[in-house]
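As a basis for the values below, the full set of heavy atoms in this structure was taken, side chains included, without hydrogen atoms, waters or symmetry mates. For clarity, every value in this text was computed on a predicted model and none was experimentally measured. Below, read A as the first sequence line, B as the second, and so on, with proteins coming before strands; counting in each chain starts at 1.
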Protein chains: 4
Amino acid sequence: MPRHDAAIAPEEAARAARSDARRRQVLHAAVPLMERSGSPAVSMQAIADEAGVSVGLIYRYFASKQELVQAVTEGVLDDMARMLAETVEPEEDPVRQIAGAFATYCTVIRDSRQAVMLTYRESNTLDEVGRSVVKELEVRTVEPLRSAVDTAVEQGLLRPIHAELFAYDLLTVAHSWALKHWYFAPRMTFEEFLRSQTALLLSTAIHPEHRHRYPDLLGDLA
Amino acid sequence: MPRHDAAIAPEEAARAARSDARRRQVLHAAVPLMERSGSPAVSMQAIADEAGVSVGLIYRYFASKQELVQAVTEGVLDDMARMLAETVEPEEDPVRQIAGAFATYCTVIRDSRQAVMLTYRESNTLDEVGRSVVKELEVRTVEPLRSAVDTAVEQGLLRPIHAELFAYDLLTVAHSWALKHWYFAPRMTFEEFLRSQTALLLSTAIHPEHRHRYPDLLGDLA
Amino acid sequence: MPRHDAAIAPEEAARAARSDARRRQVLHAAVPLMERSGSPAVSMQAIADEAGVSVGLIYRYFASKQELVQAVTEGVLDDMARMLAETVEPEEDPVRQIAGAFATYCTVIRDSRQAVMLTYRESNTLDEVGRSVVKELEVRTVEPLRSAVDTAVEQGLLRPIHAELFAYDLLTVAHSWALKHWYFAPRMTFEEFLRSQTALLLSTAIHPEHRHRYPDLLGDLA
Amino acid sequence: MPRHDAAIAPEEAARAARSDARRRQVLHAAVPLMERSGSPAVSMQAIADEAGVSVGLIYRYFASKQELVQAVTEGVLDDMARMLAETVEPEEDPVRQIAGAFATYCTVIRDSRQAVMLTYRESNTLDEVGRSVVKELEVRTVEPLRSAVDTAVEQGLLRPIHAELFAYDLLTVAHSWALKHWYFAPRMTFEEFLRSQTALLLSTAIHPEHRHRYPDLLGDLA
DNA sequence: AATGAATGAGTGTTCATTCAT
DNA sequence: TATGAATGAACACTCATTCAT
């Protein structure tokens with residue numbers, strides 16, 4: 001390998017690293033602004049100010065506001081996906097896997113309520129491509145849940161329910177802590193919400209023969 | 001009754017009627033535009049063009065764009081509330097009442113998918129007052145469902161579940177046909193969605209002793 | 001004279017009278033609004049509301065807003081001219097005539113401060129024709145003062161001063177109670193203003209030989 | 001001094017200088033337009049066109065049209081104040097000081113007739129703060145005149161007249177060359193106006209014992 | 001004679017985007 | 001690489017004016 005290449009490669013790597021850091025810097029500034037006010041109400045100038053860079057610089061890293069919004073949305077979903085991945089504890093019993101994953105979802109959503117709302121709100125700001133990326137991310141997010149449900153059904157722990165439907169319902173209900181927070185928050189604590197929803201939804205699905213195994217999950221409905 | 005009143009009243013009534021017609025005309029034009037693109041992306045000019053009136057005229061009937069957005073959102077929710085009220089069939093059995101209401105919800109939502117998405121999206125465009133109006137409307141919408149659940153629990157037909165939670169879950173899941181349409185639609189028909197969700201959610205809640213009464217609702221899960 | 005004419009004439013007179021009343025009604029409403037805020041800030045709608053008539057009606061009596069502003073300005077000047085004419089007391093001594101007229105000017109201006117300011121402000125809203133009408137009115141207003149000065153000079157009661165200049169200075173200084181009210185009002189009462197200005201300006205002009213005749217006018221400067 | 005400062009300071013200074021130049025460029029374009037037509041009749045677009053910049057740019061230097069109007073008015077008054085300050089010649093004799101200052105006022109006003117009219121017209125466009133700034137500027141402008149009058153009275157050169165009143169009358173009369181230009185201009189030259197007014201007003205005030213000292217100022221009235 | 005609904009050009013203002021430095 | 005001055009199209013909103021009733 002010629003010296004030339006050897007000299008350039010690290011340079012390029014460094015540049016790429018710096019570039020990435022810049023992107024993150026801008027995104028980091030944009031996220032809370034857009035969570036609070038929605039992207040149309042946030043100007044590029046405001047983002048630049050918040051990030052401590054110039055407007056022009058943002059355009060070096062994002063071709064347009066549209067693209068920045070896209071990146072923000074994806075970033076938010078990515079973060080949530082990462083948090084989920086990091087937090088889900090491995091469980092032997094697939095039912096407990098489901099319950100654990102649901103609890104994790106809810107907890108992550110509790111901590112990122114604004115982010116969840118952002119993904120719902122911005123979805124129509126995005127173009128077709130952007131939207132499909134977001135959808136894919138979401139599908140990937142439910143995936144572990146769905147496969148756990150599948151396994152549980154196969155093992156006869158759950159009744160023969162529609163796995164995709166059930167998994168998505170779990171996600172939807174978890175999201176509702178964010179989307180309907182104004183409704184739930186004055187009526188119950190997050191812990192109550194989590195406990196009740198777990199009992200409610202799992203008791204649906206668990207095969208009667210195996211209900212006795214999960215008194216802790218089913219609570220009053222055991 | 002004096003002639004004065006007799007002469008004035010119809011005139012005013014006629015004016016009020018015309019005024020109302022104009023409002024509706026504008027709203028009628030604004031709704032699909034906002035459903036498609038979200039209010040920030042729809043200009044007053046575009047609405048005026050669509051309605052076939054001048055921009056100035058819109059401001060005779062709506063003090064600001066904000067107010068128009070508010071009216072659009074409320075109108076959409078009102079329509080849905082009315083459709084619900086008209087369609088819910090009276091049932092003796094509270095469980096069947098719940099199932100019927102859920103089916104109605106889902107059907108209305110199927111027919112007003114864009115409207116549902118609009119209410120989620122615009123909620124952050126609205127001001128505090130507007131938002132609370134929207135919330136109230138939604139609460140009023142779940143109310144019949146909640147009271148049916150309450151009754152069913154009291155009669156021992158359902159397990160001792162959290163009525164508000166369950167009712168809201170039903171609404172949330174119904175909404176998901178709109179919000180997650182891109183996910184569900186390629187995987188199942190609306191009828192399958194409705195049947196599966198009904199079975200899934202009710203099977204959760206129905207007291208084991210009474211499950212045998214509802215084989216039609218529970219399907220495979222009976 | 002044919003009966004035809006005899007029948008029509010009173011009708012027309014009545015119509016003219018009604019028409020005049022309408023004009024006055026509108027002007028009456030417009031004057032305080034324009035005095036307060038300046039014509040550009042007052043909408044035709046606001047004037048119509050204040051007058052208790054419809055916008056359309058105003059256009060039956062005034063061809064345009066411009067013309068209405070013109071009429072308002074002329075009306076205000078006319079009123080002041082009339083008040084002056086009514087209040088000036090006939091005096092034998094031309095010097096006392098001058099002093100009396102000046103006092104009257106000042107008093108009228110004190111009571112119509114806003115009107116005076118309006119004439120200064122609106123002068124550039126008017127077109128060339130309108131402006132010249134206003135100027136003519138003002139010239140006619142100073143006229144009695146100027147002729148009194150002329151007479152006084154001829155009779156040797158005043159030094160050989162420039163009559164037009166002096167008369168206009170008197171008007172200008174009288175106006176200054178309105179134009180510089182923010183300056184004078186905190187420093188002196190209107191009576192002090194009037195007394196001091198009279199003494200100051202007349203003492204300028206009165207021929208030394210005749211100063212002893214007017215101790216009441218000259219005060220400390222006698 | 002660290003290099004850092006040495007490097008930054010000039011940059012910032014240069015930026016400030018450019019920024020100032022832009023402000024002046026815009027003001028320079030706005031002044032004649034507003035002098036001619038009054039601020040409400042001048043659109044931001046018109047100003048931008050006149051200045052050869054874009055509308056948007058104006059808003060980088062002036063937060064609103066209001067602020068621009070304010071700046072124009074203050075600028076005009078500032079200019080006049082500066083011209084006055086530069087032109088007033090120091091005189092030993094306070095009476096000659098007064099006459100000199102009056103002549104300067106009149107001359108400046110002759111050269112800035114439109115500016116004077118603008119200050120009268122725009123005063124009601126300004127908000128309370130803006131108005132008080134303008135008033136303060138005017139008071140500061142009369143100040144030298146007022147103090148000269150005070151001195152002259154103390155030295156017995158003038159009769160015991162009200163210094164503030166007299167000073168303000170001098171200003172008012174000087175302004176009248178602008179405000180009543182349509183009246184004076186066809187009747188006399190500026191020089192005649194200045195000479196006559198000086199004689200008229202000073203002859204008022206000069207103590208009889210000292211009149212003989214100022215035959216040049218008093219002219220025919222000596 | 002009188003209304004006021006309707007118009008649409010025009011306003012002040014914002015902001016995504018570009019580009020000379 | 002980084003800046004921020006500069007652009008100008010677009011926006012929400014107003015209001016003098018017209019005209020069908």
Can you check whether D:Val134's main-chain N or O pairs, donor with acceptor, with D:Glu74's side chain at less than 3.5 Å? no

Under 4.0 angstrom, heavy atoms only, what part of the nucleic acid is C:Tyr61 near: base, sugar-phosphate, or nothing? sugar-phosphate

Checking A:Lys135 side chain against A:Gly130 main chain: does a donor-acceptor pair fall under 3.5 Å? no

Just checking, any donor-acceptor pair under 3.5 angstrom between side chains of B:Glu122 and B:Ser39? yes

Give a yes-or-no answer on whether the side chains of A:Gln66 and A:Gln70 include a donor-acceptor pair shorter than 3.5 Å. no

Can you name the salt bridge (Lys or Arg N to Asp or Glu O under 4.0 Å) partners of C:Asp20, sequence neighbours left out? C:Arg24

Which whole-number value in Å describes the distance from B:Glu67 CD to F:dC13 P? 10 Å

Would you mind reading off the distance between B:Ile58 atom CD1 and F:dT14 atom C1', rounded to a whole angstrom? 14 Å

Considering all heavy atoms, the nearest C:Leu118-C:Val31 contact: CD1-O, 4.4 Å

Using the salt bridge (Lys or Arg N to Asp or Glu O under 4.0 Å) criterion, which residues pair with A:Arg121? Sequence neighbours excluded. none

Please identify each residue that fulfils side chain to side chain donor-acceptor pair (under 3.5 Å) with D:Asp127, with sequence neighbours left out. none

Is there a donor-acceptor pair closer than 3.5 Å between any side-chain N or O of A:Gln25 and the backbone N or O of A:Ala51? yes

Summary of protein contacts for nucleotides 16-21 of chain F, nucleotide by nucleotide, where a base hit scores B, a sugar-phosphate-only hit scores S (4.0 Å, heavy atoms): SBB---

Which of D:Leu57, D:Leu68, D:Ile47 passes side-chain contact (heavy atoms from CB on, under 4.5 Å) with D:Phe62? Answer is D:Leu68

For B:Leu57 and E:dG4, give me the distance from atom CG to atom C1', rounded to whole Å. 11 Å

Give a yes or no answer on whether the side chain of A:Ser132 reaches the backbone of A:Val129 with a donor-acceptor pair at less than 3.5 Å. yes

A:Asp49 has an atom CG; how far is it from atom P of E:dT14, in whole Å? 15 Å

Counting only side-chain N and O atoms of C:Ser54, is one of them less than 4.0 Å from OP1 or OP2 of E:dG4? no

Each base of DNA chain F marked ( ) or [ ] if paired in-strand (Watson-Crick or G-U under 3.5 Å), | if paired to another strand and . if unpaired gives .||||||||||||||||||||

For C:Ala41 and D:Gly52, take the nucleotide of DNA chain F holding the closest heavy atom to each; which residue's nucleotide lies nearer the 5' end? D:Gly52

How many whole angstroms separate atom CG of C:Asp20 from atom C1' of E:dA1? 16 Å

Looking at residues 22-38 of chain C, who's got a heavy atom less than 4.0 Å off DNA chain F? none

Grab the CD1-P distance between B:Ile47 and F:dA10 for me, whole Å please. 17 Å

